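First the structure, in the form of structure tokens, and then the observations on it.
Remember, it's a predicted structure, so these values are computed and weren't measured experimentally. Residue numbering restarts at 1 for every chain, and letters A, B, ... go by the order of the sequence lines.
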2 protein chains.
Amino acid sequence: MQFLSLGTQYTLTALISLSKQGTGVAVSASKLAEPLNSPSTYLSQMLTHLIEPGIIGTRRGINGGVYLAKDASEITMFDIVTAVEGDEFFQTCFLGISGCGDIEPCPFHEEWGKKRGKIEEWLKSTTLEELANDTSTMMTDGLFRFERRAKN
Amino acid sequence: MQFLSLGTQYTLTALISLSKQGTGVAVSASKLAEPLNSPSTYLSQMLTHLIEPGIIGTRRGINGGVYLAKDASEITMFDIVTAVEGDEFFQTCFLGISGCGDIEPCPFHEEWGKKRGKIEEWLKSTTLEELANDTSTMMTDGLFRFERRAKN
DNA sequence: TCTATATCCGATATTGATATTAGAATATAG
DNA sequence: CTATATTCTAATATCAATATCGGATATAGA
């Protein structure tokens, strides 16, 4: 059980780095992937999902790369997460019961709806700008490192 | 992205049914699996994880099956969920960064910690008894049905 | 125009989680 | 004792996530 998939974790972290460059400045996927300990082509593939929703743009060739397509203050975590993973999490029943809804609720429907709503609000109200400006964290110095999930 | 895996959803639902029988009364896995639209052997396999933690006991042979090993008021959702899925969710960093902690936090560390803590509290404070007694829901009439997750 | 560097896109390999099946082991009723 | 209902266990199948690769395409600069 994990909230974000590995690919989404890569994507979010890369975008935080990218937003430190400001809107419109291109950085190559390989530069962004370096501290992630991930193949740059994989990150690249993940980032592709953000093009259509207008979060990033790309430029091929020399000095090309990925750039923010709008101001970091207008990009929310919710935008990013759902662009990569979809919004299934925010739609489906806690128990996976198909008839579950306000009329025929499962025993978790109301409580889980509240908890999940809180998470949704949080994701929607947190912008990339805030994350990039958060100087109290390790992100400022690229101090972070990723490790593979433990095997069985 | 989904909170509980399908197997855990089956397990929780089955235990709610089971607890309506009271402590110590055995019900076969196939009876429990019927409304779940799942192979009974699969449910059986999932339920096995609950034996060692002392949540259920089993009896083989005629009239055998699975029974609650203690009172439903002493079994929490947290017990059940972590018995099946482990507690990774409650331990790991939102971004999957290995050095993340109170000293070197990632930008999500504090906020996510709160949200996740709320979920943990909720799971720990909700008992099987409460769920089984929740008469305002579809569970009372076995009105629920499961469907497979949508394919790609 | 040519070359080096990048993304893009689709195909495919790999892995781990999830789900299913089959058969052995075991307990109980009669 | 025997037949049968049931769990138990291990092997296997399926699927989705993760990762890799190669060719096509675009771009900048020499």
Seminar exercise, completed: Rounded to whole Å, the CD-P distance (B:Gln45 to D:dC8) equals 11 Å

Exercise. Under 4.0 angstrom, heavy atoms only, what part of the nucleic acid is B:Leu43 near: base, sugar-phosphate, or nothing?
Worked result: nothing

Seminar exercise, completed: From OH of A:Tyr67 across to P of C:dA6 the rounded distance in Å is 17 Å

Problem set entry | Residue-phosphate contact under 4.0 Å: A:Ser38 side-chain N/O, D:dA19 OP1/OP2 | no

For this session: Give the nucleotide from the list C:dT21, C:dT7, D:dT7 with an atom nearest to the side chain of B:Thr58.
Result: D:dT7

Exercise. When the ring planes of A:Trp122 and B:Phe94 are compared, do they come out parallel, tilted or perpendicular, using 30° and 60° as the limits?
Worked result: perpendicular

Exercise. With distance as the sole criterion, do the side chain of A:Arg60 and the base of D:dT25 form a donor-acceptor contact below 3.5 Å?
Worked result: yes

Exercise. Which residue lies toward the 5' end of DNA chain C, A:Gly57 or B:Asn63, if each is placed at its nearest nucleotide?
Worked result: A:Gly57

For this session: For the side chain of B:Tyr42, starting at C-beta, report the closest nucleotide among C:dT7, C:dT20, D:dT18.
Result: C:dT20

Exercise. Can you tell me if A:His49 uses its side chain to pair, donor with acceptor, with the backbone of A:Met46 under 3.5 Å?
Worked result: yes

For this session: Pick base, sugar-phosphate or nothing for B:Ile51, based on heavy-atom distances below 4.0 Å to the nucleic acid.
Result: sugar-phosphate

Problem set entry | Phosphate-side-chain proximity, B:Ser28 and D:dT7, N/O vs OP1/OP2 below 4.0 Å | no

Problem set entry | Cationic N near anionic O, under 4.0 Å, B:Glu121 to B:Lys118 | no

Problem set entry | Nucleotide nearest B:Ile62 when distance is taken to its side chain, options D:dC8, D:dG29, C:dT28 | C:dT28

Exercise. Is the A:Phe90 to A:Phe78 ring centre distance short of 6.0 Å?
Worked result: yes

